[in-house]
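Bear in mind the structure is a predicted one, so any value in this text is a computation, not a measurement.
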Amino acid sequence: MKTYTLVLSVMAVLFASACSPTDGVVAEASAAAPAPGRFQQEHAAWVQQRAADLRKPDGWVSLIGLHWVEAGRQDVGAGKDNAIRLAIGPDRLGQLEQRADGLYFKPAEGARITADGKPLQGEVKLVPEGKGGGTKLGYDQGKGQITAIKRGQRLALRVRHADAPARVGFAGLDFFPADEAWRVPARFVAHPAGKTLPIASVIGEINNSPNPGYVVFEKDGRTWRLEALGDPAQGLNLMFQDQTTGRQTYGVGRYLHTEAVAADGSVTLDFNRAYNPPCAYTDYATCPLPPPENRLAQKGAGAQPVRLAVLAGEKKYALAQH
């Protein structure tokens, strides 16, 4: 919509220059509506795509439940008598059973369910989400989706629905104004091979994640450091907190993904693209938390703490009120 408005503004200026004998009027109009630069345009497109991804029928705002699986058999459905009660769905959807070799689902009589897009007639083993995908159960004519996830030794059902209140009430994203000053040059410093970093999650799990190195950068006259996850050849994953955390920005912290690290170790940290983890939009996510090392805090004069305020990227999210 912003791009469309910009086009109309430019057309109006061109029309005025062709029809008006007063050059000053054209100059004033141009000054009143300056065309955004390439950086702002690219950033606006990135934000728009991110919002579209979140609001997809199976995006993060479509989550309606996270149900931890107990041993034995459990009935699944929206009815009150189900052990796993769906927020949206038929009274009786099917039965879940955790066995020694995995998790199995059997549809209730008359329930129309698909498994990976094909009609489900009998029992199916649910492969948990992972790099290779995972089994997707569809119901409610495809608007509902159920997958299994594994966290540590626990299994859970993750349930999505296109009519989820969080999706229906999606308010769009709120970002600080794009500022090229927050495209910060940094240097990647590798750790010894095999180093890991304990990463906690909002559900209390702790995983030792590969920690290939850290990045150092200069801002506000100080040198700052962030521990990195991921593959330097594919791009680093950074999770951080800063002085804005819990104030202007989400209380858990924010994430940032970089492009691939250059051969000389240089990498750009574009904090304009710092974004909220999924748990900013739903109570049914299992987000990893920024490690203590990434709080962007250090001791100042007189041992007073100094924190960097990253006034860039995504702000707090608030569900639209209806």
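You'll find the side chain of L289 reaches within 4.5 Å of the side chain of V252, heavy atoms only. Under the 4.5 Å side-chain criterion, counting only non-hydrogen atoms from C-beta, L66 is not in contact with V159. The side-chain heavy atoms of F188 and L236, taken from C-beta on, include a pair separated by under 4.5 Å. Counting only heavy atoms from C-beta outward, the side chains of L96 and L157 approach each other to under 4.5 Å. Taking the side chain as every heavy atom from C-beta outward, R187 and V215 never approach each other to under 4.5 Å. You'll find the side chain of L238 stays beyond 4.5 Å of the side chain of Y255, heavy atoms only. Contact check for L86 versus H67: side-chain heavy atoms found under the 4.5 Å cut-off. The side-chain heavy atoms of P128 and L155, taken from C-beta on, include a pair separated by under 4.5 Å.
Annotation for H257 and Q234: closest pair NE2-O, 3.8 Å, computed over non-hydrogen atoms. A pairwise comparison of heavy atoms in G253 and T245 identifies N-CG2, 4.1 Å as the closest pair. The two residues L256 and A274 have their closest heavy-atom pair at CD1-N, 3.8 Å. Listed here is the closest heavy atom pair of G230 and P212: O-CG, 3.2 Å. When all heavy atoms of C287 and C279 are compared, the closest pair comes out as SG-SG, 2.7 Å. Taking each heavy atom of Q241 and G251 in turn, the nearest pair found is NE2-O, 4.1 Å.
The ring of F170 has its center closer than 6.0 angstrom to the ring center of Y317. Aromatic pair H43/F175: centroids less than 6.0 angstrom apart.
In this structure, L120 CG and F105 CZ are separated by 7.0 Å, a value rounded to the nearest 0.5 Å. Separation of atoms OH (Y250) and NZ (K316) is listed at 10.5 Å; rounding is to 0.5 Å. We find the CG-OG distance between N237 and S209 to be 10.0 Å, quoted to the nearest 0.5 Å. For the atom pair NZ (K106) and CG (L93), the distance works out to 14.0 Å, reported to the nearest 0.5 Å. Expressed to the nearest 0.5 Å, how far CG of L137 lies from CD of Q145 amounts to 9.0 Å. Here I88 contributes atom CD1 and I64 contributes atom CD1; the two are 4.5 Å apart, rounded to the nearest 0.5 Å.
For the residue pair N211/Y214, the side-chain donor-acceptor check at 3.5 Å is not satisfied. For the residue pair D270 and T268, no side-chain donor N or O sits within less than 3.5 Å of a side-chain acceptor on the partner. Looking at E227 and N294, their side chains never bring a donor and an acceptor atom within 3.5 Å of each other.
F39 and L269 end up in different hydrophobic clusters when Ile, Leu, Val, Met, Phe, Trp and Tyr side chains are linked at under 4.5 Å. No continuous path of ILVMFWY side-chain contacts below 4.5 Å connects V127 to L103, so the two sit in separate hydrophobic clusters. V267 is connected to V310 through a chain of hydrophobic side-chain contacts under 4.5 Å among Ile, Leu, Val, Met, Phe, Trp and Tyr, so both are in one cluster. Residues I84 and L63 do not share a hydrophobic cluster, defined by chaining ILVMFWY side chains whose heavy atoms lie under 4.5 Å apart. The hydrophobic cluster containing L308 also contains F176, counting ILVMFWY residues as joined when their side-chain heavy atoms lie under 4.5 angstrom apart, directly or transitively.
Ring planes of F271 and F217: tilted class, angle from 30 to 60°.
Using a cut-off of 4.0 Å between Lys/Arg side-chain N and Asp/Glu carboxylate O, R222 and E218 are scored as not salt-bridged. No salt bridge links E205 with R151; every basic N to acidic carboxylate O contact stays at or beyond 4.0 Å. Salt-bridge check for R295 with D242: failed, with every basic side-chain N at 4.0 Å or more from each acidic carboxylate O. Using a cut-off of 4.0 Å between Lys/Arg side-chain N and Asp/Glu carboxylate O, E129 and R158 are scored as salt-bridged. Salt-bridge formation is detected for the pair R99/E123: a Lys NZ or Arg NE/NH1/NH2 atom is positioned less than 4.0 Å from an Asp or Glu carboxylate oxygen.
Relative to the ring axis of W60, R167 does not place its NZ or CZ within 45° and under 6.0 Å from the centre.
Listed for the T114 side chain is no donor-acceptor partner under 3.5 Å among the backbone atoms of P119. Formation of a donor-acceptor pair under 3.5 Å by the D140 side chain with backbone atoms of G142 is not found in this model. With hydrogens and angles disregarded, no donor-acceptor distance shorter than 3.5 Å links the side chain of K219 to the backbone of W182. R85 places a side-chain N or O within donor-acceptor distance of the main-chain N or O of A78, the cut-off being under 3.5 Å. With D116 contributing its side chain and T135 its backbone, the two residues share no donor-acceptor pair below 3.5 Å. At least one donor-acceptor pair closer than 3.5 Å links the side chain of R160 to the backbone N or O of D58.
The environment of R154 atom CZ is dense: over 12 non-hydrogen atoms of other residues, nucleotides or ligands sit within 6.0 angstrom. Atom CD of E259 sits in a sparse spot, with 12 or fewer heavy atoms from other residues, nucleotides or ligands closer than 6.0 Å. Counting non-hydrogen atoms of other residues, nucleotides and ligands closer than 6.0 Å to OH of Y284 gives a total of 12 or fewer. By the 6.0 Å contact criterion, NZ on K136 is open, its count of non-hydrogen atoms from other residues, nucleotides or ligands being 12 or less.
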- Task: Could you walk me through whether K80 and D91 pass side chain to side chain contact (heavy atoms under 4.5 Å, CB included), step by step?
- Result: CA-CA 8 Å; K80 294 181 179 180; D91 283 348; over 6 Å; no

- Task: Could you walk me through whether Y139 and I146 pass side chain to side chain contact (heavy atoms under 4.5 Å, CB included), step by step?
- Result: CA-CA 8 Å; Y139 71 94; I146 298 176; 3.9 Å; yes

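Tested against T249, the residues N276, D174, T244 include a single side-chain hydrogen bond (donor to acceptor under 3.5 Å, both in side chains) partner, T244. Residue D53 is tested with K56, R55, R50 for a salt bridge (charged side-chain N to carboxylate O under 4.0 Å, His left out); the sole match is K56.
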